[in-house]
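First the proteins, then the strands, lettered A, B, ... as listed; each starts at 1.
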Protein chains: 2
Amino acid sequence: MKNQKKSQEGLTVKKDKNFSRWYNEILNKAEIIDLRYNIKGFIVIRPWGAMIIENIYKIYEKALQEEGHKPSFFPIVIPEKNFKKESSHVKGFSPEVFWLQKVKGEDKLALRPTSETAFYQMYSLWIRSHRDLPLKLYQRANVFRCETKATRPLIRGREFYWIEAHDAFSTNNEADKQVQQDITITERIVHNRFGIPFLPMKRPEWDKFPGAVYTIAGDCMLPDNKLLQIFTTHNLGNNFSKPFKIKFKDKDGKEKYVWQTCYGPGISRILASIISIHGDDNGLIIPFCISPIQVIIIPIFNSKNQDRIISESEKIATKIRSFGINVEIDISEKRPGEKYYEYELRGVPFRLEIGEKEIKSKKLTLFIRDTKKKQVIHIDQLSELKKLGEQFDKRLKTKADNFMRGKIVNCKTKEQIKKAIKEGKIARVNFCSIKKSGARCAEYIEKEINAEVRGILGNKQEKPIDRCIICNKKATQVVYIGKSY
Amino acid sequence: MKNQKKSQEGLTVKKDKNFSRWYNEILNKAEIIDLRYNIKGFIVIRPWGAMIIENIYKIYEKALQEEGHKPSFFPIVIPEKNFKKESSHVKGFSPEVFWLQKVKGEDKLALRPTSETAFYQMYSLWIRSHRDLPLKLYQRANVFRCETKATRPLIRGREFYWIEAHDAFSTNNEADKQVQQDITITERIVHNRFGIPFLPMKRPEWDKFPGAVYTIAGDCMLPDNKLLQIFTTHNLGNNFSKPFKIKFKDKDGKEKYVWQTCYGPGISRILASIISIHGDDNGLIIPFCISPIQVIIIPIFNSKNQDRIISESEKIATKIRSFGINVEIDISEKRPGEKYYEYELRGVPFRLEIGEKEIKSKKLTLFIRDTKKKQVIHIDQLSELKKLGEQFDKRLKTKADNFMRGKIVNCKTKEQIKKAIKEGKIARVNFCSIKKSGARCAEYIEKEINAEVRGILGNKQEKPIDRCIICNKKATQVVYIGKSY
């Protein structure tokens, strides 16, 4: 990488000492973002961050297209009258909407905080018959929320990047299935490929998306033991199709309202979780499958053998590139040690050191970012880097899974919940209900234990036993309680 | 393609009879966009349009990265005080800025109409030394201009899609070279690959970008003989680096201001030109290199052989896909004729018809969208589709080049200019100067001939002879005059 700013001195904070400071420092020093843009909650995403985000988008969009979604671009502004069509939607979002100054001849215009009310007025024009269904569109987009609380880069911002998929079906059953498929796709990408485990939580009634019948959201846990919501999927039922008049003529000749879902993986937050969960005290560790540079070659040369070593390195790079691997050579004037340090900070999975000795023996030194171990790789076996890359990602996943697995604790008393939360765990608890009737018990937990009922498992049923720990009524569900962002 | 809305009846307008109506009709019927979003100048880009745009972006971003640019994401809002730093910039853009309603604690915020003043405040933080240069960043982005004039889909909108590249150098010479490289990259992509010829015009002083030292813009000609600006590249000199204090310590130890350029290919407009220039009375003709479907297979079956024909078609599709070609099979219930019609309307380059006879003989019928000719292709020669695709794109380019070539007419008198413009041509004329001193002659042309001085060639010098046709002073330049959007 040419023209890359040097990264000053190393990380000064240990991740397990002060995660929050470590996080901010690594974002800055690995040049993921710059916080110094002069508006609260709006950040600049620098090339290293932008390239990772692009790679996340690529994987996501490919997967969405493979399961029948098509891309689209909707306007960034939404007329106020669209918002108002679904009453809980407008109530939920109005407080954090950025409005435009009056534009002559137009309704009051909002910068989209989410795009249901942009998509669905068009769906009512496009959908006529059961043959038009399912309709599954998505857009990659930035959205805007005028947060008044403290913002946190990539975690809570006034502008963030996501994908929103909006699907319409002829039956509620298909909508339910789509919600499950949304969980599966997230599992396949975010967990299996990026190594980020999450709990798919069906949110309590009081915490669902404004306008949804129900909401399932993915909570992953950051190293400070706080849960971060990285995606949501909602069954919207007919809640939007009725006010937006999205009707179709079914096979039986009857006119019916469509059944809708929407899915929003938060790309900014997924990046935040990758940085937070995989990184260490030397810097980032980027999964091989999304690292903008997968292998960095550092040629070790002196003034006498410089040209030859560089040209041999280029041959090796060409070979590696032929296996579909992103490889670069750093031929800048910096010392090798400086370069090692820099790519470790940036989280590049593999480093190849190539000098006189290596070229002669055809045995290259491979440094592996996560284990920090070196191994020898023969020049004729470079195709193995692909497999090593898969193993690299698998190790990250296993490590994160192990961290997460230990976090869930069955609790039978309030005291046990308190203790679990204090120890940074997630309490698994028999609970009266995540329907409205359980709101008071949840409030109690929030006030007394300073933690949140995040919901019940969204992709399988768990049977509660006994009674609700809080109100002592019959338990109908098993909820998960934790601290959250 | 499943779930695709049928396209009702065919095009009702001939392209050479009424281009403007043809254009609107084709955008609608080929499902590129939908104009019915309820805010003036904001359009919905439907899947077929979005997929073409994605392919254009992919080619463009790859090319920009190959020549040293890196991606980034900058905030969508810009504080008013940034705008004000470069006086002609604020004057030029203020009338068409969308402003946000006051946000507590913040300066007045604009939706970016272009992002110089967002990028450059950060450049002043990032650039310290000659080693940080050149700095070449880009972003793919939507930008916003509150047009009060009539809008036209993909041509003049209040929201449009582009790429903006912002480069900083240590010398003006490098900046000049970058501007030429920007022309070359556009030539390589838009002309050589998409088949859209354009004139790179160095704009007159009175028509340059607000804040630029000089502007070179690409004008292509639509079928209504009006010129459409599809990209601009600007040498900004020190005009922004001084107010934004973007300084670096040079090799000689002295502190200097950087020299800057910016480049903006208009992705929406490039799509508009592709649609307009290549399309015909049967619909779109999409260049092979960016068509979301490059080959559509239409299986011809009856109830008896349906399964077998479809399974054979799938085998053929898999084979074609293995050559890196985007291929789909339409197995919907529509009649083959309906399907032919639909993919012709959408501009898919190749159609393969596969029925009983074809499978037995291993000879498939290939329909070619632009020539409307059919040819036989043997099942063992399907790899040739790649080459046929290149030839397809070359034919589009040649046809467009021929159209454009005939358009430029040397004119020696005002009457000749009038005649040329009347006939839909571009007048090539000896002219006093595109510096301020020539403004009155340009005004005359605008008033009397109802045409515009678009500039002089931006990538080579042409020697004028004789005198300025308008004022009779010594001619110093050869200008091109035409009507424009």
By a 4.5 Å heavy-atom criterion (distance strictly below it), what part of [X] contacts chain B: side chain, backbone, both, or neither?
X        : answer
A/Gln139 : neither
A/Phe144 : side chain
A/Ile39  : both
A/Asp107 : neither
A/Val44  : both
A/Glu54  : side chain
A/Phe98  : side chain
A/Lys102 : neither

Notebook entry, point to check: Considering residues, nucleotides and ligands other than A/Lys249, do more than 12 of their heavy atoms fall under 6.0 Å from its NZ?
Noted result: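 No, NZ of A/Lys249 has 12 or fewer neighbouring heavy atoms, counting only those of other groups under 6.0 Å.
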Tell me the closest heavy-atom pair linking [X] and [Y], and the distance in Å.
X       : Y        : value
B/Lys81 : A/Asn38  : CE-ND2, 3.8 Å
B/Phe74 : A/Tyr161 : O-OH, 4.2 Å
A/Pro75 : B/Glu159 : CA-OE1, 3.2 Å
B/Pro71 : A/Ala50  : O-CB, 3.5 Å

Between [options], who has the most heavy-atom pairs with chain A when the cutoff is under 4.5 Å?
options                               : result
B/Ile43, B/Val77, B/Val103, B/Leu137  : B/Val77
B/Arg158, B/Lys104, B/Arg140          : B/Arg140
B/Gly157, B/Ala118, B/Gly49, B/Pro292 : B/Ala118

Next item on the list: Select one option (side chain, backbone, both, neither) describing which atoms of B/Glu333 are under 4.5 Å from chain A's heavy atoms.
Entry: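 No part of B/Glu333 comes within 4.5 Å of chain A.
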Item checked: Structural part of B/Lys108 lying under 4.5 Å from a heavy atom of chain A ->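 Interface part for B/Lys108: side chain.
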Find the distance between [atom1] ([X]) and [atom2] ([Y]) and round it off to the nearest 0.5 Å.
X       : Y        : atom1 : atom2 : value
B/Arg36 : A/Ser124 : CZ    : OG    : 8.5 Å
B/Arg46 : A/Met122 : CZ    : CE    : 7.0 Å
A/Asp34 : B/Trp126 : CG    : CH2   : 5.5 Å
B/Phe73 : A/Ser268 : CZ    : OG    : 9.0 Å

Check: Are the side chain of A/Glu106 and the backbone N or O of B/Lys40 linked by a donor-acceptor pair below 3.5 Å?
Finding: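 Yes.
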Margin query: Between A/Gln121 (side chain only) and B/Tyr37 (backbone N and O only), is there a donor and an acceptor less than 3.5 Å apart?
Written below: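 No, A/Gln121 side chain to B/Tyr37 backbone: no donor-acceptor pair under 3.5 Å.
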Notebook entry, point to check: Top residue by heavy-atom pair count (under 4.5 Å) with chain B, among A/Leu111, A/Ile33, A/Thr148?
Noted result: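 Highest number of pairs under 4.5 Å: A/Leu111.
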Check: When only pairs under 4.5 Å are counted, which of A/Asn82, A/Asn142, A/Ile76 shares the most heavy-atom pairs with chain B?
Finding: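 Ranked by contacts with chain B, first place is A/Ile76.
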